[in-house]
Amino acid sequence: QAPNVVVGRDDISIFGMGGTKVYVDNREVRLTGENLIRYLRTLSSKDIEHIEVQPFADASADANAKGGVVRIKMRRNQDDGRHGNVSLKSEMSDKALAWLPSTSLNLHHGKWDFYSSASDTWFPKDKGVIDNVRNYHVDTDGFSSKGNISQPQNDLNVSAGSIYQIDSLRSIGAEIGYFSNHSNMKTASFSALTHGGNSYNSDADYVQKMNFNMLSGTLNYRRTYDKRGSQLTFIADYARKYSTNNNSYNISQLWNHTDTIYRSHLTSTYDIASANLSYKKVFKDYSSFQAGAKFTMTQMNSHNDYQGLYHDAWKELPDFKYSLKYDEYIWAAYAEYQKDIDKWSLAAGLRMENTRTENKETKTDKHYFNLYPHLSIRYSFDDMKRWMVMAQYARQIERPAFDALNPNRIQISQYSYQIGNPDLKPIYLNKISLTLIRDYKYTFTIGCNLNTDMIR
């Protein structure tokens, strides 16, 4: 329900710009696509204190937060005691059935805070239809496909953590979490391909069994220096993501009465670790200065085997087989200043990032360094700030995904495959916007994104 935020099936966008990063208690959620949306659905509104939406990420966020940032702060007890909730929701339609149980418990005792939550999203039935048409410049060429899809799935999210208040100024906390997704997608389709006046029709049955698991851990330390909010913060986190896809394809070519049967087995492992140290000084006039440094390491290992059925025996397909091994290291430093002067508000920041990427399969090594400035100016037309106008500028980066860099051929279906380009450059974005705000909830925004080296 947040203004200008759209949550789709596999992405979150702010002002129409996808690639939004989500932080929970200053910890980045290391999930993407549909897994990120499923995780957010498991959070209970009863456990959330507030949500902050930043259409333009400030200098403290990673430079690749091209779609802005959503920061979620969870509720914690201030007095000794406990509170929790248990809920069961259901969604039903003629094509889908979902059960969503969840529970959470928060406990405060003396200097200790304990919190835990568990939730499940179970789709025993989730059906849809496929209807694709592709038009060509030549009238004798065309492609169409119709079919049905069924994808029952189950998502589990469990987390637990504690915070210890060492004294009135210092605290230390730790959290562990586990997220899993299991789905069994079945697709039955009929495809018609025409070329040069000839027709090539086929029936296809796909079975895709997908398992995804992520284990994460976070450690944080906070030191407060005054009542205005000056503090030193250290956050270290680690996440391991492991997924397996077992796919089988059975395609019947109706024009020549032959069958194509093959299967694939894909495994992918991601190890992501980061450490972030920052210091924020709030002055007596409530202007502030923040500076920090961050290191992020990502290691990816993916392997896919293809086999085809020949005369009742499975045979390896080396042309479709591939392996990916990438390491990415990002060193960053940032600084930001905020100041309010009468009806004006100013926030200016600069982030520096040095990136190194190693492709261990192609033996290539890339380095690049860049600066990412950020500027936000706001003017209030009245003392109550019912009418405001805000101008924002930010420079950001979108690094090509690992699979977009992979030079190996990856078969998608009987009619399509994808192949990456290891020489792809990152996209650099210059974002500019002007927003008129009324009563804190009505907004009118105009803006543009200027892209360099756009990947298509």
With a 3.5 Å cut-off and no angle check, do the side chains of [X] and [Y] form a donor-acceptor pair?
| X | Y | answer |
| --- | --- | --- |
| N301 | T269 | no |
| D155 | Y39 | no |
| T194 | D141 | no |
| S159 | S117 | yes |
| S102 | S87 | yes |
| Q396 | E398 | no |
| Y115 | N106 | no |
| Y200 | N256 | no |
| E336 | S60 | no |
| H374 | D58 | no |
| Y428 | N451 | no |

Would you name the heavy atoms of [X] and [Y] that are closest together and state the gap between them?
| X | Y | value |
| --- | --- | --- |
| L266 | S302 | CD1-OG, 3.4 Å |
| K66 | M17 | O-CG, 3.5 Å |
| V69 | Y23 | CG1-CD1, 3.6 Å |
| P400 | I455 | CB-CD1, 3.7 Å |

NZ/NE/NH1/NH2 to OD/OE distance under 4.0 Å, [X] and [Y]:
| X | Y | answer |
| --- | --- | --- |
| E328 | K366 | no |
| K89 | E91 | no |
| D131 | K146 | yes |
| D62 | R351 | yes |
| R356 | D365 | yes |

Ignoring hydrogens and angles, tell me if any N or O in the side chain of [X] forms a donor-acceptor pair with the backbone of [Y] under 3.5 Å.
| X | Y | answer |
| --- | --- | --- |
| K294 | L277 | no |
| E361 | K325 | no |
| D25 | M74 | yes |
| T218 | D237 | no |
| S145 | S189 | no |
| N184 | Q151 | no |

| Step-by-step side chain to side chain contact (heavy atoms under 4.5 Å, CB included) determination, I48 to R75 | CA-CA 5 Å; I48 297 176; R75 180 176 285 114; 5.9 Å; no
| task | Could you check Y329 against N354 for side chain to side chain donor-acceptor pair (under 3.5 Å), going step by step and ending with a plain yes or no? | result | CA-CA 8 Å; Y329 306 93; N354 183 60; over 6 Å; no
| request: Evaluate the criterion salt bridge (Lys or Arg N to Asp or Glu O under 4.0 Å) for residue pair D305 and K321; output intermediate values, then yes/no. | output: CA-CA 5 Å; D305 286 318; K321 180 179 179 179; 3.8 Å; yes
| request: Decide yes or no on side chain to side chain contact (heavy atoms under 4.5 Å, CB included) for N35 and F179, but give the supporting numbers first. | output: CA-CA 9 Å; N35 288 329; F179 177 86; 3.9 Å; yes
| message | Apply side chain to side chain contact (heavy atoms under 4.5 Å, CB included) to residues S274 and M297 and explain how you reach the verdict. | response | CA-CA 6 Å; S274 70; M297 177 191 71; over 6 Å; no
| query | Does the ring of F212 carry K241 above it, NZ/CZ under 6.0 angstrom from centre and within 45° of its axis? | reply | no
| field | Positive for side chain to side chain contact (heavy atoms under 4.5 Å, CB included) with V7, one of I37, T20, V70 | value | I37
| said: side chain to side chain donor-acceptor pair (under 3.5 Å), that's the test. Do S252 and D203 meet it? Break it down for me. | reply: CA-CA 5 Å; S252 300; D203 286 326; over 6 Å; no
| query | Can we call the ring centroids of Y262 and Y249 under 6.0 Å apart? | reply | yes
| task | For side chain to side chain contact (heavy atoms under 4.5 Å, CB included), just list the numbers for L429 and I397, CA-CA rounded to whole Å, side-chain angles, deciding distance to a tenth of an Å, and then say yes or no. | result | CA-CA 6 Å; L429 302 90; I397 187 175; 5.8 Å; no
| Should T267 and T244 be marked as a side chain to side chain donor-acceptor pair (under 3.5 Å) after you check the CA-CA gap, both sets of side-chain angles, and the distance that decides it? | CA-CA 5 Å; T267 60; T244 60; over 6 Å; no
| request: Mind running salt bridge (Lys or Arg N to Asp or Glu O under 4.0 Å) on R399 and E353 for me, showing each step along the way? | output: CA-CA 12 Å; R399 298 179 180 89; E353 285 192 357; 2.7 Å; yes
Tell me whether the count of non-hydrogen atoms from other residues, nucleotides or ligands lying under 6.0 Å of [atom1] in [X] goes above 12.
| X | atom1 | answer |
| --- | --- | --- |
| H83 | NE2 | yes |
| I176 | CD1 | no |
| F369 | CZ | yes |
| D139 | CG | no |

| request: Could you give me the CA-CA distance, side-chain angles and deciding distance for S199 and N201, then say whether side chain to side chain donor-acceptor pair (under 3.5 Å) is met? | output: CA-CA 6 Å; S199 296; N201 300 336; 5.2 Å; no
| Roughly how far, to the nearest 0.5 Å, is CG of N211 from OG of S183? | 7.5 Å
| query | Out of curiosity, I272 CD1 to M214 CE, how far, rounded to the nearest 0.5 Å? | reply | 8.5 Å
